[in-house]
Amino acid sequence: MRIVYGMAAAILLGACSQGPETETRDPAAKAPPAGVATEATRAANAAMAERLPLEDTSDFVDATRGLLAQLKQDTITDSEGNIVWQVSRRDFIEGDSPDTVNPSLWRQERL
């Protein structure tokens, strides 16, 4: 498992470095609407997905092995009643990652 995390971290760092293939966007150009990936983001995330063993589901099996319990309540609050964690806010994280999200990070959140 540590090897998988180490490899994912190395891949993410490599993806962050700028090389000659990196597209630079004109700062004067209008940004795409929220939730719409630029072509550069779409290409970078697709390239990342090709390098990852996304079809290997053994991590999902490992993530539930030895599980003793899950939260019974949806929210966790602090001593003043403020919500500090809400399980249901992550319900949208299912299936394949959208174009706007790094596929490795999406998979990690699903785990």
Side-chain angles (χ1 to χ4, degrees):
M1 188 64 109
R2 288 185 203 171
I3 293 172
V4 172
Y5 290 136
M7 289 174 52
I11 291 170
L12 289 172
L13 287 174
C16 292
S17 66
Q18 292 194 3
E21 73 282 349
T22 302
E23 176 182 306
T24 56
R25 196 168 68 81
D26 178 6
K30 184 177 178 186
V36 177
T38 64
E39 189 55 42
T41 299
R42 193 175 295 110
N45 287 340
M48 173 65 71
E50 288 178 18
R51 292 183 282 190
L52 296 172
L54 296 176
E55 67 283 344
D56 181 5
T57 60
S58 62
D59 289 336
F60 292 95
V61 174
D62 291 343
T64 59
R65 184 177 293 127
L67 179 65
L68 298 177
Q70 292 182 322
L71 292 174
K72 292 181 181 177
Q73 70 275 16
D74 182 53
T75 59
I76 297 173
T77 57
D78 62 15
S79 60
E80 298 173 4
N82 300 311
I83 295 175
V84 295
W85 186 262
Q86 189 169 11
V87 176
S88 62
R89 295 205 61 189
R90 305 225 170 358
D91 286 348
F92 70 94
I93 301 172
E94 294 180 354
D96 295 336
S97 64
D99 291 340
T100 55
V101 180
N102 181 298
S104 180
L105 298 176
W106 188 265
R107 179 183 173 92
Q108 183 63 39
E109 184 64 22
R110 287 182 60 211
L111 286 169

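Along the sequence shown, the residues carry numbers beginning at 1.
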Gap between atom [atom2] of [Y] and atom [atom1] of [X] - 0.5 Å precision:
X	Y	atom1	atom2	result
N45	M48	CG	CE	7.5 Å
S97	E109	OG	CD	12.5 Å
T64	L111	OG1	CG	10.0 Å
L52	S104	CG	OG	5.0 Å
R107	T57	CZ	OG1	7.5 Å

For residues I76 and V87: do they belong to one hydrophobic cluster (side chain heavy atoms under 4.5 Å, members Ile, Leu, Val, Met, Phe, Trp, Tyr)? yes
Hey, is CD on Q70 packed in by over 12 heavy atoms from elsewhere, all under 6.0 Å?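 12 or below, so no.
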Pair W85, R90 - check side-chain contact (heavy atoms from CB on, under 4.5 Å), show working. CA-CA 10 Å; W85 186 262; R90 305 225 170 358; 3.6 Å; yes
Minimum heavy-atom distance between Q86 and I83, given as atom pair plus value: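 Heavy atoms only, the tightest pair is CB-CG2, 4.2 Å.
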Using every non-hydrogen atom in the two residues, find where V84 and D78 come nearest and quote the distance to one decimal. CG1-CB, 4.0 Å
Only one of D96, L54, V101 forms a side chain to side chain contact (heavy atoms under 4.5 Å, CB included) with W106, so which one is it?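 The passing option is V101.
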Please check: side-chain N/O of D99 versus main-chain N/O of R42, any donor-acceptor pairing under 3.5 Å? no
